[in-house]
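See below for the structure under consideration.
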Protein chains: 2
Amino acid sequence: MSQTASIKDVATHAQVAVGTVSNVLNYPDRVSQRTKERVLKSIAELGFVRNDAARQLRAGQSRTIGLIVLDVGNPFFSSVARAAEDAATALGSVVLVGDSGQDSSREAHYMDLFQEQRVQGLLISPVGDVAERIDTLRERGVPTVLVDELADTERCSSVSVDDQEGGYLAAKHLLDLGRRRLAFVGTPSIRQVASRLKGAQRAVAEVSGASVEVLDSAGQTVLAGRQVGNSLVERAPELRPEAVFCSNDLLALGVMQSLTMLRTVRIPEDIALIGYDDIDFAISAVVPLSSIRQPTEALGRTAIELLAEEQESGGTKHRAVVFTPELVVRQSTAGAPN
Amino acid sequence: MSQTASIKDVATHAQVAVGTVSNVLNYPDRVSQRTKERVLKSIAELGFVRNDAARQLRAGQSRTIGLIVLDVGNPFFSSVARAAEDAATALGSVVLVGDSGQDSSREAHYMDLFQEQRVQGLLISPVGDVAERIDTLRERGVPTVLVDELADTERCSSVSVDDQEGGYLAAKHLLDLGRRRLAFVGTPSIRQVASRLKGAQRAVAEVSGASVEVLDSAGQTVLAGRQVGNSLVERAPELRPEAVFCSNDLLALGVMQSLTMLRTVRIPEDIALIGYDDIDFAISAVVPLSSIRQPTEALGRTAIELLAEEQESGGTKHRAVVFTPELVVRQSTAGAPN
DNA sequence: CGTAACAAATGAAACGATTCAAAGACGAGT
DNA sequence: ACTCGTCTTTGAATCGTTTCATTTGTTACG
């Protein structure tokens, strides 16, 4: 009894055929009440637990869905991951999360791994160029859904958020407050950030006399935000922007700390400040931070749904679902223009 | 070529026996250079990828290690998880992360799942009482290592951090600054928090004239911290504590926000403040926050090592490794006593 | 030339589940 | 008593890999 019992052991113990035990587990209606009880009793007595490997081998496919994210520590991704897990659980599947850490070799490693595991499907926020591998997977019957990246629908499905719209919303909001001299803080070398900037510029172009200055930050962290914030404080007041849009909440919190710590600048009176992502900390900042909320739960849930669609259609039909981000106004951009 | 090629297909294509293909993959030295090349060429041409389910079935065990945490969103656990993943990767294993969300039914679900997967071993931060299940797993040859919880070494191994010592360190530090009237903020109903409080009380008992008041918070979040902070601000100055020790950095940040926002209290001059966990935000707070750092990487790495030890010893020898936390002094507790 | 020694390659058996065609059991209807 | 239909149960075949006892091939040596 020390080692694990197999279905055969159960069959022997209950004095039935192995097929019957399998039926008890998978098609209980096919089995008479009497035998069912006997089998279940044996299962309990022997402590039988299904061997998933054997089951998968026979089925030719696992009940596993692979998810590769850029950084599990990032609240955006951990939220997407959690939503995906919940949606998958409802379908009787399990999500395996791999963290590429923005490293394309790690990304490749996880793709290999998931392929060996014969995952049902793959959700991925790609780092490198994965187009070819996705083609290969599709040929093998493994559907892929890009996450937070727009897909060529000839190739696969995708769920993403309209970053340009998000940027537009943020800048429009600042302009609506009456602010004209805007600053954008972020690293436009990242595609998502570039789109947000583009959206902001579009909003600015719609208002005469408005301008936006781009402040390239060293990274997307609180510290990077502080550095930018310090450089703003050092400026002569008349050279400071009237409103700042950061490509990410961490940056915004850093900027906020610099500005409020030295107490030379008031938020939102002197400078209105808005971030992006609406992380949990945004609401609990010294000055509650306005932000652009991305529908992370919807992203995760929809990603799983698209995967299911792909499976049903045999991997022929692809869809690119684009969500619209939402403006969340808090104290950091509250009140009338100065 | 649309579907996945098996080892048999490779064998046919390369005109060798299946055993030879297997040898090329697992024992390359047993195969001559010539055939090896031929086989590898066929593998590449057919795009063959090992079927892990079949491999596991034959091996009787997977290369997977299960990890069940209380909350993946919590930086403490995500850091432990990452360290465990890295250590496991080095051993050629994969870590599957399950999030119990402090819910014992979800915990049980993941335990079932991992058992079906025939994981090599299980790392778990338990919610409910899992002693019996661990016994069962041990009988089945699945070693378990408790994470952030001290184990009965008759039963299994564990990695944990000395919470009482952490509490002692924090309180001692505050006392060393000359502060006498301390406050402890947290939810002592959680075991770890209770230990930290106990440590703090021990430190206080060592100093004559010192006292510690316990402020039970509604949760362990920034918001809960703010509420406590507000209640402190409302007090008459002479009734306020001289130093506050929060059982968690989020709480501490909340307290800090309340105190600094209203500008009636200075940190650290009027109230010295220390948190616990040393999360990334601690260093970037308005007033950089002192904290107690837990060796999360060591926890994750060691958990995997203990698992390996268990496997080698056949699951007979268990060890409980306890790490000592570390005091990190920053501005929130800097300077001389008032 | 015979054979011992070794290397390389073979292919059937096994892992544990599911599937499915076939057999068995049983009662109703004639 | 016989046939038919329905409900249960059976057990061999299958999935793709690894393992290992055998066979085959090659070289060296007496």
Side-chain angles (χ1 to χ4, degrees), chain A residues 3-40 42-43 46-64 92 113 115-120 140-142, chain B residues 3-40 42-43 46-64 92 112-113 115-120 140-141:
Chain A
Q3 280 312 309
T4 327
S6 77
I7 208 174
K8 203 179 265 177
D9 300 325
V10 175
T12 308
H13 189 269
Q15 307 195 61
V16 295
V18 287
T20 304
V21 179
S22 176
N23 281 334
V24 169
L25 296 170
N26 301 294
Y27 307 94
D29 295 344
R30 292 188 190 164
V31 185
S32 74
Q33 192 61 28
R34 261 174 45 83
T35 28
K36 204 189 302 183
E37 276 166 16
R38 203 143 39 90
V39 170
L40 289 174
S42 297
I43 286 178
L46 299 177
F48 165 78
V49 176
R50 271 229 238 355
N51 183 324
D52 203 49
R55 199 230 275 261
Q56 282 182 206
L57 174 58
R58 185 68 237 265
Q61 219 201 201
S62 72
R63 294 170 306 149
T64 301
L113 190 73
Q115 217 175 330
E116 287 192 6
Q117 306 246 44
R118 298 292 190 271
V119 292
Q120 285 184 321
R140 303 266 168 85
V142 181
Chain B
Q3 281 310 313
T4 327
S6 78
I7 210 173
K8 205 179 262 177
D9 300 324
V10 175
T12 308
H13 188 270
Q15 306 195 62
V16 295
V18 287
T20 305
V21 178
S22 175
N23 282 333
V24 169
L25 295 170
N26 301 293
Y27 306 94
D29 295 345
R30 292 187 190 165
V31 185
S32 73
Q33 192 61 27
R34 260 173 46 81
T35 29
K36 203 187 304 181
E37 277 166 14
R38 202 142 41 90
V39 170
L40 290 173
S42 297
I43 287 178
L46 299 177
F48 165 77
V49 176
R50 268 228 232 4
N51 183 322
D52 202 49
R55 199 229 276 259
Q56 283 182 205
L57 173 57
R58 186 67 238 260
Q61 218 203 201
S62 71
R63 294 170 307 149
T64 301
D112 290 344
L113 190 74
Q115 217 175 331
E116 287 193 6
Q117 308 245 40
R118 299 290 191 273
V119 293
Q120 286 184 319
R140 302 266 169 85

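Protein chains get the first letters and strands the later ones, always in sequence-line order, with residue 1 at the start of each. For the numbers below, each heavy atom of this structure counts, side chains included, while hydrogens, waters and symmetry mates do not.
The nearest whole Å value for the distance from the CD atom in Gln61(B) to the P atom in dT17(D) is 20 Å. Between the C1' atom of dT8(D) and the CZ atom of Arg38(A) lies a distance of 12 Å, rounded to the nearest Å. Distance, Glu116(B) CD to dG16(C) P: 15 Å, rounded to whole Å. Taking atom NZ of Lys8(A) as the reference point, atom P of dT10(D) lies 15 Å away to the nearest angstrom. Whole-Å rounding puts the Arg118(B) CZ to dT17(D) P distance at 21 Å. As a whole-Å value, the separation of Asn23(A) CG from dC20(C) C1' is 10 Å. Nucleotide dG16(D) holds its C1' atom 13 Å from the CD atom of Gln56(A), rounded to whole Å. Taking atom CZ of Arg34(A) as the reference point, atom P of dC7(D) lies 19 Å away to the nearest angstrom.
Remark: of the listed residues Val39(B), Val10(B), Leu40(B), Asp9(B), Val10(B) is the sole one forming a side-chain contact (heavy atoms from CB on, under 4.5 Å) with Phe48(B).
Under 3.5 Å, the side chain of Arg58(B) and the base of dT18(D) form at least one donor-acceptor pair of N or O atoms.
Looking at heavy-atom distances under 4.0 Å, Gly60(B) makes no contact with the nucleic acid at all. Using a 4.0 Å heavy-atom distance criterion, Ser32(B) is classed as a sugar-phosphate-only contact. Nucleic acid contact class of Val16(B) (heavy atoms, under 4.0 Å, all strands): sugar-phosphate only. Heavy atoms of Val31(B) sit under 4.0 angstrom from primed sugar atoms or phosphate atoms, though from no base atom. Heavy atoms of Ser6(A) sit under 4.0 angstrom from primed sugar atoms or phosphate atoms, though from no base atom. Using a 4.0 Å heavy-atom cutoff across all strands shown, Asn26(B) reaches sugar-phosphate atoms only and no base atom.
Side-chain N/O atoms of Thr20(B) include none lying less than 4.0 angstrom from OP1 or OP2 on dA9(C). Here Tyr27(B) reaches the OP1 or OP2 of dT19(D): one of its side-chain N or O atoms lies under 4.0 Å away. For dT9(D), the OP1/OP2 oxygens have a side-chain nitrogen or oxygen of Thr35(A) closer than 4.0 Å. Side-chain nitrogen and oxygen atoms of Arg55(B) include at least one within less than 4.0 Å of the OP1 or OP2 phosphate oxygen of dT18(D).
Comparing dT10(D), dT18(D), dG16(C) against the side chain of Ala54(A) picks out dG16(C) as the nearest. Of the candidate nucleotides dA17(C), dG11(C), dC15(D), dA17(C) has the atom lying nearest to any side-chain atom of Arg50(A). The side chain of Asn51(A) lies closest to dG16(C) when the candidates are dG16(C), dT18(C), dT19(D). Of all nucleotides listed (dT18(D), dA17(C), dT10(C)), dA17(C) comes nearest to the side chain of Ile7(A).
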Checking side chain to side chain contact (heavy atoms under 4.5 Å, CB included) for the pair Gln115(A)/Val49(B): CA distance, chi angles, key distance, verdict?
CA-CA 7 Å; Gln115(A) 217 175 330; Val49(B) 176; 3.6 Å; yes
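In this structure, Arg55(B) contributes its side chain and Glu116(A) its backbone to no donor-acceptor pair below 3.5 Å. In this structure a side-chain-to-backbone donor-acceptor pair under 3.5 Å is present from Ser62(B) to Arg118(B). In this structure, Arg50(B) contributes its side chain and Ile7(B) its backbone to no donor-acceptor pair below 3.5 Å.
Thr64(B) OG1 to Leu113(A) CG: the interatomic distance, rounded to the nearest 0.5 Å, is 8.0 Å.
Mapping Lys36(B) and Leu25(A) onto DNA chain C by nearest heavy atom places Lys36(B) at the nucleotide closer to the 5' end.
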